[in-house]
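Before any comments, here is the structure.
These figures come from a predicted structure and were not determined experimentally.
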Amino acid sequence: MHRLLVSLLLVGICSWLDAQNQFIVKFNTSEPVPGTQNILPEYLWQTISKSKRLYKLITSHSLEEVRAIPGVLHAYPDALLEKRETVPDDPQFADQPSLEKIESSKAWDYTTGGTNALGDKIVIAVIDEGFDISHIDFQGNLWANPGEIPNDGIDNDQNGFTDDYYGVNLQSKNDQHNAKQHGTSVAGIIGAKGNNAIGIAGINWNTQLMLISIPNLTISDLFIGYEYVLDQRRKYNLSNGQEGAYVVAFNQSLGVTGRTPDEFPDWCPYFDEMLDAGILFINATTNSEWDVDTQYDMPASCPSQGLITVTNTNLADMRVTSGYGQTTIDLAAPGDGSYSLGINNEYRDFTGTSAASPHVTGVVGLLFSYPCTEFAQYLKSNPKEGAIIIRDYLLGGVDIVPSLAEETVTGGRLNALNPMRTIQEEWCTEVLGDELGIRQVFLNQNDRTLRIDLVRKDAEPLEYLICNTLGQVMYHERLTNPVQNVIFLDHLPGNITYGNVYFICLRQGKTIVATKLIYL
């Protein structure tokens, strides 16, 4: 009898859900918002953005009835998003040929990601249906909300989400993400921990992944995720880095094929807002053989300068069943030939535009971490202009592929090395001097971070050491980047402790210089 009642209850709930319509509704600024007056109490409202007066609405009423509500500026049906992955039937790859295709290994000679020359932690946002945050190759690379105390049951930063420490699940409104293959693989391409003798390497060996789960895969939840990321970056900008997060790139391997910007009037403006805040938004186009210029695809059809749209190619630089458009699709990336993380500490082949897009997102994050003080300061002080420069370097640095000439804006496929060289040539040429020298040392005792500004005698590799007063080496590393003029340790080794004096030594060839590090 009990099982029968439960079954009847589930059937009833499912029937009720099936009978509901879901809309996105925007109100005029002069009208009260839902909740401040008795606007059809049987309607279920959820706030997307109070400042925009934008709401998600679940109701049994029709679209015409919703549009007739006093003060509604516009309303339209919510829609389900597509995961933009094609399931491969190829055997497992033993390596990651897609990263070699875009010359990641050569780009890593400049930077492997993580922080910029000022010590700011680079954050990359990813929105998807779920992530396996317990994967061993994510450890150390997950963004932690600095305004939240984990697992205390309190919304410490008052952003509407409780315990959103490792990102947020918009369904549970905390950081309990559902372990899903698609999102885990997308995030793995961007930022699986590198150089840790485990599994694979992401394009960024070290980074902070801000994970946003939208299990329902609806556009309305997508918008709520956008607001979450924008809020974190705006806090960062307004507080000069004391609050929020330095989000520089945002990946979305989701979309809706064949739909137009006019059908979703609140979608495209978000990318302009993100650009204003300093965020580049990277989106995978459809996995259908689809002319986006004439047949449309959302959000790839949005005209914003803050949006970078990506199609999929294989290791032979041939476009594989995916969207194309000479005015709408910016570039290609090798989604086919990708290998990434899977759930339960596994690894898997991963293809489609869903895999292509995070290659681009990863490179954007890598470019923001370029180890040059002047460049890093410009990007931080001029969020919008800096993001546009990164976009221009990225798109201007593609490898030209003749078959893509009439299928993408750039006519090319992603290359990670070329934009690095451009940054070096235009921003960071004066890293060499007459003699090797240490300009200045910055020690943050609270965060236990250390930054060393230096002048190099030549572009040859150098070694830096931290020694105690007895001459014992407490830390040692070799610097091979030919243009790096900043050394940054985001966490001092445990054997370097408060109350002691140390020496920082640089050695290049036969030249050695040293300075005191007073930790008192």
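Atom-to-atom distance recorded for Arg234:CZ and Ile279:CD1 is 8.0 Å, nearest 0.5 angstrom. In this structure, NZ in Lys56 is found 11.5 Å from OG1 in Thr47, a value given to the nearest 0.5 Å. If you take CD1 on Ile190 and OG on Ser185, they are separated by 11.5 Å, rounding to the nearest 0.5 Å. Residue Arg259 holds its CZ atom at 6.5 Å from CD1 of Ile219, rounded to the nearest 0.5 Å. The distance from atom CG of Asp120 to atom CG of Leu379, rounded to the nearest 0.5 Å, is 10.0 Å. With values rounded to the nearest 0.5 angstrom, Trp143 atom CH2 is found 13.0 Å from Thr207 atom OG1.
Using a 4.5 Å cut-off on side-chain heavy atoms (C-beta onward), Val409 and Leu395 make no contact. Between Phe271 and Gln305, every side-chain heavy-atom pair lies at or beyond the 4.5 Å cut-off. Residues Leu81 and Ile214 have side chains in contact (heavy-atom distance under 4.5 Å, counting atoms from C-beta outward). Inter-residue side-chain proximity for Ile58 and Asn21 is flagged as unmet; no heavy-atom pair is nearer than 4.5 Å. By the 4.5 Å heavy-atom criterion applied to side chains, Gln232 and Val123 are not counted as neighbours. Put simply, the side chain of Asn251 does not reach to within 4.5 Å of the side chain of Ile124, judged on heavy atoms. Here the side chains of Leu230 and Val247 are not in contact, with every heavy-atom distance at 4.5 Å or above. Taking the side chain as every heavy atom from C-beta outward, Pro261 and Met298 approach each other to under 4.5 Å.
With hydrogens and angles left out, the side-chain atoms of Thr285 and Asp297 include a donor and acceptor closer than 3.5 Å. No side-chain donor from either of Asp349 and Thr351 sits under 3.5 Å from a side-chain acceptor of the other. With hydrogens and angles left out, the side-chain atoms of Asp262 and Thr260 include no donor and acceptor closer than 3.5 Å. For the residue pair Tyr226 / Trp267, a side-chain donor-acceptor distance below 3.5 Å is found, with atom types taken as modelled. For Asp132 and Asn344, the side-chain atoms include no donor-acceptor pair closer than 3.5 Å. Thr111 and Ser369 form a side-chain donor-acceptor contact under 3.5 Å, judged by distance and modelled atom types alone. Asn216 and Gln171 are linked by a side-chain donor-acceptor pair at a separation below 3.5 angstrom, with hydrogens and angles left out of the test. In this model, no donor atom of one side chain and acceptor atom of the other lie less than 3.5 Å apart for Ser322 and Asn312. Remark: the Asn116 side chain and the Tyr246 side chain contain no N/O donor-acceptor pair separated by less than 3.5 Å. Of the N and O atoms on the side chains of Ser338 and Ser340, not one donor lies less than 3.5 Å from an acceptor on the other residue. With 3.5 Å as the limit, one finds no donor-acceptor pair spanning the side chains of Thr162 and Asp155.
For the pair Asp137 and Lys193, the salt-bridge criterion is not met [side-chain N within less than 4.0 Å of a carboxylate O]. Under the 4.0 Å criterion applied to side-chain N and carboxylate O atoms, Lys52 and Asp266 are not assigned as salt-bridge partners. The existence of a salt bridge linking Glu227 and Lys50 is excluded, since no basic side-chain nitrogen approaches an acidic carboxylate oxygen closer than 4.0 Å.
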Inset, instruction - Could you give me the CA-CA distance, side-chain angles and deciding distance for Tyr76 and Lys26, then say whether side chain to side chain contact (heavy atoms under 4.5 Å, CB included) is met? - result: CA-CA 9 Å; Tyr76 48 92; Lys26 186 178 181 69; over 6 Å; no
Inset, instruction - Evaluate the criterion side chain to side chain contact (heavy atoms under 4.5 Å, CB included) for residue pair Leu489 and Thr449; output intermediate values, then yes/no. - result: CA-CA 6 Å; Leu489 293 179; Thr449 60; over 6 Å; no
Inset, instruction - In sequence, state the C-alpha distance, the side-chain angles, and the governing distance for Ile189 and His359, and then conclude on side chain to side chain contact (heavy atoms under 4.5 Å, CB included). - result: CA-CA 6 Å; Ile189 291 173; His359 282 79; 3.7 Å; yes
Inset, instruction - Please lay out, stage by stage, how Thr184 and His135 fare under the test side-chain hydrogen bond (donor to acceptor under 3.5 Å, both in side chains). - result: CA-CA 9 Å; Thr184 301; His135 199 292; over 6 Å; no
Legend entry - side chain to side chain contact (heavy atoms under 4.5 Å, CB included) evaluation trace for Glu407 with Leu404: CA-CA 5 Å; Glu407 297 185 338; Leu404 295 174; 3.8 Å; yes
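Of all heavy-atom pairs spanning Ile198 and Tyr347, the tightest one is CG2-OH, 3.9 Å. Nearest heavy atom pair, residue Leu211 against residue Ala187, reads CD2-CB, 4.2 Å. Taking both residues in full, the closest heavy atoms of Ser213 and Gly130 are given as OG-CA, 3.4 Å, listed atom of the first, atom of the second, then distance. Contact between Glu289 and Thr321 at its shortest, heavy atoms only, is OE1-CA, 3.5 Å. Pairing each heavy atom of Phe264 with each of Pro77, the nearest pair is CE2-O, 3.9 Å. Across every non-hydrogen atom of Asp152 and Asp163, the tightest pair is OD1-OD1, 2.9 Å.
Distance alone, capped at 3.5 Å, places no donor-acceptor pair between the Asn204 side chain and the Gly113 backbone. Between the side chain of Gln208 and the backbone N or O of Ala125, no donor-acceptor pair lies under 3.5 Å. Between the side chain of Trp290 and the backbone N or O of Tyr296 there is at least one donor-acceptor pair closer than 3.5 Å. Between the side chain of Asp78 and the main chain of Gln22, no donor-acceptor pair closer than 3.5 Å is present. No donor-acceptor pair closer than 3.5 Å links the side chain of Asn283 to the backbone N or O of Thr309. For Asp272 (side chain) and Gly306 (main-chain N/O), no donor-acceptor pair under 3.5 Å exists by modelled atom type. The backbone N or O of Gly278 sits less than 3.5 Å from a side-chain atom of Arg233, completing a donor-acceptor pair. Side chain of Thr353 to main chain of Ala284: no donor-acceptor pair is present (N/O by atom type, distance under 3.5 Å, no hydrogens or angles). Looking at Ser98, its side chain never comes within 3.5 Å of a backbone N or O of Gly335 through a donor-acceptor pair. At distances below 3.5 Å, not a single donor-acceptor pair connects side-chain atoms of Thr408 with backbone N or O atoms of Leu331.
Outside the 6.0 Å centre-distance limit, the rings of Phe281 and Tyr270 are not counted as a close aromatic pair. A centroid separation of 6.0 Å or more is found between the aromatic rings of Phe138 and Phe131. Phe27 has its ring centre less than 6.0 Å from the ring centre of Trp45.
Atom CD1 of Ile136 is surrounded by 12 or fewer heavy atoms from other residues, nucleotides or ligands within 6.0 Å. More than 12 heavy atoms of other shown residues, nucleotides or ligands fall within 6.0 angstrom of atom CZ in Phe161. Taking a 6.0 Å sphere around CZ of Phe23, one finds it holds more than 12 heavy atoms contributed by other residues, nucleotides or ligands.
Listed by chain and residue number, Lys235 satisfy the salt bridge (Lys or Arg N to Asp or Glu O under 4.0 Å) test with Asp231 (two or more places apart in sequence, or in another chain).
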